[in-house]
Structure formats: structure tokens, C-alpha cells
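Right, one structure below, let's go through it.
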Protein chains: 2
Amino acid sequence: MPQVDEHLIDDDIDTSAWDGVPIRLRAAGLRWTPQRRTLVDVLREHQGHVTATELISRCRERDQTTTPSTVYRTLDVLEEFGLVAHGHGHDGREEYHVLPGETHGHLYCEACGRQWEIRPETGAAIVDALAADLGFEVDLSHVTISGHCQGCHD
Amino acid sequence: MPQVDEHLIDDDIDTSAWDGVPIRLRAAGLRWTPQRRTLVDVLREHQGHVTATELISRCRERDQTTTPSTVYRTLDVLEEFGLVAHGHGHDGREEYHVLPGETHGHLYCEACGRQWEIRPETGAAIVDALAADLGFEVDLSHVTISGHCQGCHD
DNA sequence: CGGTCGAACGCAACACGTTGCAATAGCAAT
DNA sequence: ATTGCTATTGCAACGTGTTGCGTTCGACCG
Ligand SMILES: [Mn+2]
Ligand SMILES: [Mn+2]
Ligand SMILES: [Zn+2]
Ligand SMILES: [Zn+2]
């Protein structure tokens, strides 16, 4: 019996999005370079959240000549393609979400440092509340709300 | 007939909170220094939102020897006293809200750069939604949600 | 397979914020 | 007024991220 491919279980992440990157870049008049390949190889092995700093050091493990500005610029390109999304932690530092899938915000616990995704219905409640208030259109992908998780308060 | 003092009109900000600062500092075993006086004098003349960088340059106008680390450390102290509150703009840079009054979050328009306060009822809706979801306790004072304001979308 | 164009690179400088440490100076008590 | 304790300062170094610019090299074409 063949594997079902409509549903992927949690630890069997669909990594195929990365395969199309060289073609998508060239189609947009951009270029596929060794430096970009290094970063994409690193991202391929990741799921969930990573800081930019960690990505840079992982790249440097593979290519000792890695330069921060190149990595940041490539991350910007990949974000435009929807392959990563960044937010800012409590201290303002960048956190990247790899293969974010459906647009969503994040929760950050100031006590234990763990993160959670805001579930679609909850995100929608936030979007609706602010649309009703001032007609404000929330960019959920960039929302990181800090506070204390269930395990860390009182 | 004497002035009513229970209600202050919008452009008549109650600045008296600053008067008690020297005493409050000493009561907490802290010190009232010329550097702190400079910053408090600057804050006195402000209302609403200011970036840390702008505060530093305003301090330098009054005292050319002003040092950034001292200003940042004093802002931390004043934040513990509830006299300022900081959030992070879209780029992660710090924004200080002077005399924030009741705890509230902020909205930031990515297009025009303007900011709004999230009204109490709307803030409560956000807090409630996340409490119901994961039992998460939101620190509203640190929330900055970015997106597009009514005037800037479509 | 060369030649051309300009996207991307590396680097240096900058901006913002934090941290460790030795020297200074509030402040309270004498 | 002097003294002693220690909070605070200034500085230097660091961490993270951005920007400008001259050089390189990827992609496409003949
Ligand atoms: Mn913060
Ligand atoms: Mn951002
Ligand atoms: Zn926690
Ligand atoms: Zn706007």
C-alpha cells in the first residue's frame, strides 16, 4: 500500500518547497549562488523557529567564509517568497519561522523563552477585533505577543 | 471658582508624576543624579511616543556629555516605576511611551509609520482570546501589532 | 564556448542596544 | 563636615542588523 501524501505527520515535514528555489529565483531575474545554496541547505534541515544568528553560525559550519550581510539579504529574498517569516522576540532580536505555511502570529513566554503559534481562530479574533476598532488591517505574520505561558504564571 | 482637578483635558498633561521621582528613587535605595535629572527634564516635555535614540539626542542638547548606556539604564529604572513603557517597532527598535497610564498595546502602520493605542476593550478582547486558547497571560504593555491603518490599505 | 549585463558578493562603516569593570560620587549616618 | 558604603557612571568591547560601494561572477545569448 502506497504512502498517503495528502497528510504529513508532524516529524515528516514537507521539504520539497526548497527544491524549486533555484528555478523560482531565476524566473524572477535573480540568481542561484553558492552562498544561497548553503543557506537553503541549512534551512532544509530546520523546522519551526530559529534566530538569524543561529542560521549564520550553521552556515559558517558548512562554509567558513559566510558573511552576515549576505545571509540577511538572502533571508529577505526568501521571506518575499514566503519560505521564511520573521518576527521579533521580547528583546527585538529576529526570529525566523521556517516554512511558515498559513500566516500566523507567535506567542513568546518571557519566563521560559518557549514559543507557540497563535491558532487560526485565535488569530482571526485578533484581526477582527482591530478591524472593528480602527479599521486596522493586521499583518499577523509579524505579530509576536509576549507574556507568560500557562506553566509560568503564578 | 477653583479649577476642577479630577479631569484633565487632552493637551493639559499631568506632569506631576515626575516631581516625586527623586524621593521615590531614594526610598528604593537608588540615587538622584545629574544624569537622571537631565533625562527626567527631557521626558517632562514629552507626551506619547519617543524612540530611545531621540531621547538620547535630546539629553545631549542639554548635557553634551550624555552617554547612551546611562540613558538606557535610567529608562529601565523609570520603566520599573511605571513612568515609561517600551515596545518594539516593526524593525525591532525601541519606542518609549511616556506616562503610559493604563496598560495598553500599540498599533503601528507599516505604510505611514503612525501609531495608535489599542483601546481597553479591544485589548481585553486580545487578552481574553489568548487566555482561552492556551492559558497564555499577555503582557499588553509590550505588544506592538503592525499592519496597515485605515487610510493606508487599498 | 566566449562576451555582456547587472545581481549578488565581501567588506568596511555605521546604528542601536547591552554588558563588565574600574573609578566616581550620592546619600545617610556619625 | 567627614566618612563609608555602594549605586551609578563612563568607557570600551561586544552583539545584532543595515547600508553603500567597488568587485565578482551567474545567467543568458550569439
Ligand atoms: Mn522589549
Ligand atoms: Mn520586522
Ligand atoms: Zn513559560
Ligand atoms: Zn498608515
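Every chain is numbered from 1, with letters handed out A, B, ... down the list of sequences. Only a predicted model underlies this, so the values are computations on that prediction, with no experimental measurement involved.
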*Please check the phosphate of C:dC9 (OP1 and OP2 only) for any side-chain N or O of A:Thr33 closer than 4.0 Å.*
yes
_Can you identify which nucleotide, out of C:dG10, D:dG17, D:dC25, has its nearest atom closest to the A:Arg31 side chain?_
D:dC25
*Taking CD1 from B:Ile23 and P from C:dG26, how many angstroms apart are they, rounded to a whole number?*
18 Å
*State which of C:dC16, D:dG10, C:dG26 makes the closest approach to the side chain of B:Tyr72.*
C:dC16
*Go through the N and O atoms of the side chain of A:Arg73 and the base of C:dG10, and report whether any donor-acceptor pair is under 3.5 Å.*
yes
_Nearest-angstrom distance from the residue atom CD of A:Glu94 to P of C:dG17_ = 14 Å
*Taking only the side-chain heavy atoms of A:Trp32 (C-beta and beyond), determine which of C:dC9, D:dA27, D:dT9 contains the nearest atom.*
D:dA27
*Quick one: label A:Arg93 by what it contacts on the DNA or RNA (base, sugar-phosphate, nothing), any heavy atom closer than 4.0 Å.*
sugar-phosphate
*Quick one: list whatever passes salt bridge (Lys or Arg N to Asp or Glu O under 4.0 Å) with B:Asp128, sequence neighbours left out.*
none
*Between B:Thr53 and C:dG17, does any side-chain N or O lie under 4.0 Å from OP1 or OP2?*
yes
*Any side-chain donor near an acceptor of the partner, B:Tyr96 and B:Glu94, under 3.5 Å*: yes
*Quick one: hydrophobic cluster around B:Val138, which other residues, with the 4.5 Å side-chain cut-off, linked directly or via members?*
A:Leu107, A:Trp116, A:Ile118, A:Ile126, A:Val127, A:Leu130, A:Leu134, A:Phe136, A:Val138, A:Leu140, A:Val143, A:Ile145, B:Leu107, B:Trp116, B:Ile118, B:Ile126, B:Val127, B:Leu130, B:Leu134, B:Phe136, B:Leu140, B:Val143, B:Ile145
*So what does A:Ser69 touch, heavy atoms closer than 4.0 Å: a base, only the sugar-phosphate, or nothing?*
base
*Of the nucleotides C:dG6, C:dG10, D:dA7, which one has an atom closest to the side chain of A:Thr65?*
C:dG10
_Between P on C:dC16 and CD on B:Glu54, what's the gap in Å once rounded to a whole number?_
11 Å
_For D:dT8 and B:Arg36 - does any side-chain N or O of the residue sit under 4.0 Å from the phosphate oxygens OP1/OP2?_
yes
*Between atom CD in B:Glu79 and atom P in C:dT18, what is the gap in whole Å?*
10 Å
*Out of C:dG10, C:dA28, D:dA27, which has the shortest distance to the side chain of A:Gln35?*
C:dG10
*Rounded distance (Å) that lies between atom P of C:dC16 and atom CG of B:Leu55*: 12 Å
_Taking only side-chain N and O atoms of B:Arg26, does any of them lie within less than 4.0 angstrom of OP1 or OP2 on C:dC27?_
yes
*Picking from A:Gln115, A:His142, A:Glu117, A:His97, what satisfies side chain to side chain donor-acceptor pair (under 3.5 Å) with A:His106?*
A:His97
*Should the pair B:Glu54-B:Arg60 be classified as a salt bridge under the 4.0 Å nitrogen-to-oxygen rule?*
no
*asked:* Using a 4.0 Å heavy-atom cut-off, does B:Gly29 contact any base of the nucleic acid, only the sugar-phosphate backbone, or nothing at all?
replied: sugar-phosphate
*Whole-Å distance between C:dA15 C1' and B:Ile56 CD1?*
11 Å
*In terms of the nearest nucleotide of DNA chain C, which residue is placed more toward the 5' end: B:Tyr96 or B:Pro34?*
B:Tyr96
_Taking atom CD as the centre, does A:Glu102 end up with more than 12 heavy-atom neighbours from other residues, nucleotides or ligands that are less than 6.0 angstrom away?_
no
*Would you kindly give the NE2-to-P distance between B:His86 and C:dT18, to the nearest whole Å?*
8 Å
